[in-house]
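To keep things clear, I will list the structure first and then write my remarks on it.
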Amino acid sequence: MKCVDGNPASVLRQEPAAAKRQRRLDAFDPAWRRFIRDLTRCSPALEDLAESFPALLFALSSGYGTPRARERAFELVAAGAPLRAAADALALPWWLRKLPAQAFMAPLPRFPADPEFSLRMTSLIPTEPARCGAWLARVSHAFEASGRIYALWMARQQQMVGPTKEVLIYMAAWAWFSERPGLNGHRLLRRPWAPEMSFRRACEEHLAWRERLRLVDYLGPGLASPWLADGTAGGYTFVALRTADDFIAESQALDNCLDQYAERLHGGRVAVFSIRKGGRSVACVEIGLHEAEVTMPAIAQLRAARNKRASPEVWQATFAWLGAQRLEPLSPRRQAARPDDRALARRALWMPYLQFLEGTPHLQDFRRLALRQQPKPRPLFGRRAPPPAAPA
């Protein structure tokens, strides 16, 4: 065995130290090991943080806080000062000390340092080290993408299985709009997020909200020229549903699923009219293209409130209204919203939230998702029940 100082025992002492150092480094995410290795070479006290306070070592290595704050925290650790003093100098919450090294996979957000938030987060940290990384990633995203109350709610969801990154991204936006009445995104809510809501219920409500978002995506600012004209017949008034707000209001008035009707509206192949009497909605009718004469209108569905069958009187009035129309060849292109108008409607809807995300690492991911055509959201818990067979 060749030794620098001629003493084999010195090599034996060095080998365990090297193995220990490697073991400490291996506990961190591979993407950050090089930065942590370079920093810990400066001081043995910094290397000891890998076991005594991994979050502080990761924060110093990943650019947390200001350069001056990192320098001060570095000096305190190297001088052997209490770790609490170094964490305070960096404004790093003390509850992060309970997390193992493998939990840190991305730069930490600036969590609140107040005692109430810290105490509640301390009690919610998973007891299994293997689960801490996914838990911290979800909580960090929830805090930066929606706020502290939503982050605490997300921290309580210990047994989450199955939510994709896209689901978590949209759920944070849903929770953010839930707390901001007056915005377009809030107006589309079926039920807002609340801290006492279960995760399963939150998934259901967030999916309903996303279906309403698709109404905005397909209709844009509204249909400028529906296939048929509004009119009256048999004491009933027929009014075209043109905007997402129209579909939501009609869904609430008739207690049906018109607010989840985006899939049928896609491509401009159907038109829906509210049937009213005395200013009150009593039924609605879906007009589609005739099977044999594909440029002529046909009644696809006609239902009263709660998907009940419409009365013969309503059917007779509908046929009279339809027969009084000045018919022209129909085509999906004729009533579909223009792509440019749809893009502007999407941008107007999301702009307040995009401004909220400015300065966070989540802005670009959300921009890519939100400003494209909205895909049909997939249910998290099994299959969703099929919608009723009416414009309901």
Side-chain angles (χ1 to χ4, degrees), residues 93 96 103-112 117 120-121 124-126 131-214 216-217 346-381:
L96 289 169
F104 304 101
M105 298 179 288
L108 294 165
R110 300 300 296 269
F111 286 115
F117 185 88
R120 294 179 66 183
M121 290 300 294
L124 295 171
I125 294 176
R131 294 171 51 204
C132 288
W135 178 85
L136 181 61
R138 291 197 304 265
V139 172
S140 298
H141 171 262
F143 174 71
E144 292 185 309
S146 192
R148 57 181 289 156
I149 300 176
Y150 180 70
L152 286 168
W153 177 83
M154 185 60 74
R156 297 203 311 267
Q157 315 307 318
Q158 298 283 348
Q159 302 299 327
M160 287 171 36
V161 178
T164 63
K165 180 180 179 180
E166 181 177 313
V167 167
L168 295 176
I169 286 175
Y170 274 108
M171 192 175 289
W174 166 67
W176 187 86
F177 278 107
S178 295
E179 298 180 322
R180 287 161 177 83
L183 296 181
N184 291 342
H186 186 277
R187 194 176 68 251
L188 296 174
L189 296 171
R190 187 175 72 177
R191 182 182 177 187
W193 171 81
E196 62 274 10
M197 187 176 283
S198 70
F199 183 73
R200 188 185 189 98
R201 182 60 184 272
C203 286
E204 293 171 356
E205 293 300 328
H206 130 270
L207 285 174
W209 181 66
R210 288 180 65 183
E211 284 290 348
R212 291 182 172 189
L213 292 175
R214 296 176 74 220
V216 175
D217 185 57
R346 279 198 299 271
R347 187 171 295 277
L349 172 69
W350 291 119
M351 189 53 63
Y353 187 60
L354 291 172
Q355 291 173 348
F356 173 78
L357 292 179
E358 282 286 351
T360 73
H362 315 296
L363 175 63
Q364 294 306 319
D365 282 346
F366 189 83
R367 188 191 298 275
R368 281 192 294 268
L369 282 175
L371 297 185
R372 62 183 172 89
Q373 181 173 309
Q374 294 296 304
K376 184 173 179 60
R378 296 183 178 181
L380 181 58
F381 300 100

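Treat the numbers as computed from the prediction; the structure is a model and nothing was measured.
- With hydrogens and angles disregarded, a donor-acceptor distance shorter than 3.5 Å links the side chain of W153 to the backbone of M197.
- Counting only distance, with no hydrogens or angles, the side chain of W209 and the backbone of G185 share a donor-acceptor pair below 3.5 Å.
- Residues F177 and L189 share a closest heavy-atom pair of O-CD1, 4.1 Å.
- Atoms CZ and CG, from R347 and L371 in turn, are 5.0 Å apart once rounded to the nearest 0.5 Å.
- Put simply, CG on L168 and CE on M154 are 5.5 Å apart, with the number rounded to the nearest 0.5 Å.
- Minimum heavy-atom separation, P112 to R148: CB-NH1, 3.8 Å.
- A distance of 10.0 Å separates CG of D217 from CG of L349, quoted to the nearest 0.5 Å.
- Nearest heavy atom pair, residue S178 against residue P192, reads OG-CA, 3.5 Å.
- Heavy-atom minimum distance, A145 versus Y353: O-OH, 2.6 Å.
- Counting non-hydrogen atoms of neighbouring residues, nucleotides and ligands closer than 6.0 angstrom, the CD1 atom of I169 exceeds 12 such neighbours.
- Among residues two or more places apart in sequence or in another chain, the side chain to side chain contact (heavy atoms under 4.5 Å, CB included) test is passed with R120 by E116, L152, R156.
- Annotation: salt bridge (charged side-chain N to carboxylate O under 4.0 Å, His left out) contacts of R187 (sequence neighbours excluded): D245.
- Taking the six-membered ring where tryptophan is involved, the planes of F117 and F143 are tilted, since the angle between them lies from 30° to 60°.
- By the 30° and 60° cut-offs, the orientation of the rings of Y170 relative to H206 is tilted.
- Nearest heavy-atom pair across L136 and A103 is CD2-O, 3.5 Å.
- Counting only distance, with no hydrogens or angles, the side chain of R212 and the backbone of L188 share a donor-acceptor pair below 3.5 Å.
- At least one side-chain heavy atom of L213 sits under 4.5 Å from a side-chain heavy atom of W350.
- E144 meets the salt bridge (charged side-chain N to carboxylate O under 4.0 Å, His left out) test with no other residue; sequence neighbours excluded.
- Annotation for Q157 and R138: closest pair O-NH2, 3.4 Å, computed over non-hydrogen atoms.
- Taking the ring centroids of Y150 and W176, they lie at or beyond the 6.0 Å cut-off.
- In this structure a side-chain-to-backbone donor-acceptor pair under 3.5 Å is missing from E211 to L207.
- In this structure, NE2 on H141 lies 9.0 Å from CZ on F366, to the nearest 0.5 angstrom.
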